[in-house]
Amino acid sequence: MRRKLNLPKQFKMPSNRNLTIISILIPIALLLIVSTKFFGLNHLGKTPEISLWISRIELWIVLLITYLFAKYIEKKNFLLWTEQKRKPLFYLTSIIIILAGITFLLTTISIAEQKFGLISNNKALNSMNEIMCNNKGLLILTCLTAAFTEEFIFRAFLLPRLQILLNNIWISIFLSSLLFGLTHFGYSDINRMLFPFIIGIIFSYFYYKYRSLTVLIICHFLMDFYSLYGACK
């Protein structure tokens, strides 16, 4: 008879629940670190523009680390919810409805903030916009990077794992959206956390209901491009 091997406690493999918690914390911790670098905690580049280029690369590295963790540590598919293939009309209609809905909500909030004098002048964000307006390649890369890395991490990776952990889709949607907002805290502006939170709620519900990350990536890119390019004089 084979004897059961009793490993010391510190060498025992974590339970599936603990592993799920770790898998949620790792990308969030990495994103929080990356999101602060351009705005004061760690300037890697000699100029703000170089720092911005580096920060875009770092986001792709975070996504790669997350993918490798899922494959080799979790031993699960990165995408736990299979992408559903749809007809072209579904993609077009979904993109229009999502963009229209988000535009209406954020415009309403912005008007309310202006009315009550809650708008702040964010020097860090203005500086970043000025750099990207003078470098359209960096602007495009920023929009593509945010669209792909953030949708893959927050919607495709985190949301299903939160659902597994909590077994409550509404709490999972709320938490994933809250984390999405918090990773924008480096902009030092409450709007830059509130707006992503609201967008996260809409995106997360859509992904839960329709399992289409493609729609969200396109919407994310278009919103960021319109916001950044629209700020250029």
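What you are looking at is a predicted structure, and each value in this text was computed from that prediction instead of being measured.
Below 30°, between 30° and 60°, or above 60°: for Phe174 and Phe197 the angle between ring planes is above 60°, a perpendicular geometry. Note on ring orientation: taking the six-membered ring where Trp is involved, the planes of Tyr210 and Phe206 are tilted (angle from 30° to 60°). Note on ring orientation: taking the six-membered ring where Trp is involved, the planes of Phe148 and Phe152 are parallel (angle under 30°, cut-offs 30° and 60°).
Applying the side-chain contact (heavy atoms from CB on, under 4.5 Å) rule to Leu64 yields the partners Leu68; only residues at least two apart in sequence or on another chain are considered.
Taking CG of Leu179 as the start and CG of Leu162 as the end, the distance is 7.0 Å to the nearest 0.5 Å. Residue Met223 holds its CE atom at 4.5 Å from CD1 of Ile199, rounded to the nearest 0.5 Å. We find the CG-SG distance between Leu228 and Cys133 to be 7.5 Å, quoted to the nearest 0.5 Å. Remark: Met132 CE to Cys143 SG distance equals 7.0 Å, nearest 0.5 Å. Rounded to the nearest 0.5 Å, atoms CG (Leu59) and OG1 (Thr145) are 6.5 Å apart. Atom CD1 of Ile171 is separated from atom CG of Leu165 by 10.5 Å, given to the nearest 0.5 angstrom.
With side-chain heavy atoms closer than 4.5 Å counting as contact, directly or through intermediates, the hydrophobic cluster containing Leu92 also holds Ile96.
Between Ile164 and Asn16, the closest side-chain pair of non-hydrogen atoms is not below 4.5 Å. A 4.5 Å side-chain heavy-atom check between Leu175 and Leu166 finds at least one atom pair inside the cut-off. By the 4.5 Å heavy-atom criterion applied to side chains, Ile61 and Val34 are not counted as neighbours. No side-chain heavy atom of Leu213 sits under 4.5 Å from any side-chain heavy atom of Trp81. Inter-residue side-chain proximity for Ile22 and Ile73 is flagged as unmet; no heavy-atom pair is nearer than 4.5 Å. Side-chain contact check for Arg56 versus Thr142: some heavy-atom pair is nearer than 4.5 Å.
In Glu83, the CD atom is crowded: over 12 heavy atoms of neighbouring residues, nucleotides or ligands sit closer than 6.0 Å. Atom CZ of Phe78 sits in a crowded spot, with more than 12 heavy atoms from other residues, nucleotides or ligands closer than 6.0 Å. The neighbour count for Tyr205 OH, taken as heavy atoms of other residues, nucleotides or ligands under 6.0 Å away, does not exceed 12. At most 12 non-hydrogen atoms from other residues, nucleotides or ligands lie less than 6.0 angstrom from OH of Tyr67.
Heavy atoms only, all atoms of each residue included: Gly200 and Ser177 are closest at C-OG, 2.9 Å. Ile173 approaches Ser204 most closely through the heavy-atom pair CG2-CB, 3.8 Å. The two atoms that bring Ser212 and Tyr207 nearest to each other are N-CD1, 3.8 Å, heavy atoms only.
In this structure a side-chain-to-backbone donor-acceptor pair under 3.5 Å is missing from Ser172 to Leu159. No donor-acceptor pair closer than 3.5 Å links the side chain of Asn77 to the backbone N or O of Leu79. Ser23 places a side-chain N or O within donor-acceptor distance of the main-chain N or O of Thr20, the cut-off being under 3.5 Å. In terms of modelled atom types and a separation under 3.5 Å, the side chain of Ser227 and the main chain of Asp224 share no donor-acceptor contact.
Ring centers of Phe154 and Phe203: at least 6.0 Å apart, outside the cut-off.
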(request) Report the C-alpha separation of Phe157 and Ile24 in whole Å, then their side-chain angles, then the decisive distance to 0.1 Å, and conclude whether the side chain to side chain contact (heavy atoms under 4.5 Å, CB included) test is met. (result) CA-CA 8 Å; Phe157 184 81; Ile24 292 170; 5.8 Å; no

(request) Dump the intermediate steps for side chain to side chain contact (heavy atoms under 4.5 Å, CB included) on Ile202 and Leu105, then the final yes or no. (result) CA-CA 11 Å; Ile202 296 171; Leu105 284 174; 3.7 Å; yes

(request) Verify side chain to side chain contact (heavy atoms under 4.5 Å, CB included) between Glu58 and Ser55, making sure each step is shown before the conclusion. (result) CA-CA 5 Å; Glu58 288 174 331; Ser55 69; 4.1 Å; yes

(request) Could you give me the CA-CA distance, side-chain angles and deciding distance for Leu139 and Phe225, then say whether side chain to side chain contact (heavy atoms under 4.5 Å, CB included) is met? (result) CA-CA 8 Å; Leu139 190 151; Phe225 182 80; 3.6 Å; yes

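Clustering ILVMFWY residues whenever any of their side-chain heavy atoms sit less than 4.5 angstrom apart, transitively, puts Tyr91 in a cluster other than the one holding Ile97. Residues Ile26 and Tyr72 share a hydrophobic cluster, clusters being chains of Ile/Leu/Val/Met/Phe/Trp/Tyr side chains in contact below 4.5 Å. Leu99 and Tyr226 are assigned to two separate hydrophobic clusters, defined by single-linkage of ILVMFWY side chains at heavy-atom distances under 4.5 Å.
Here side-chain hydrogen bond (donor to acceptor under 3.5 Å, both in side chains) pairs that include residues 92-107, with residues two or more places apart or in two chains, number zero.
Judged by the 6.0 Å distance and 45° axis criteria, Arg155 is positioned over the aromatic ring of Phe180.
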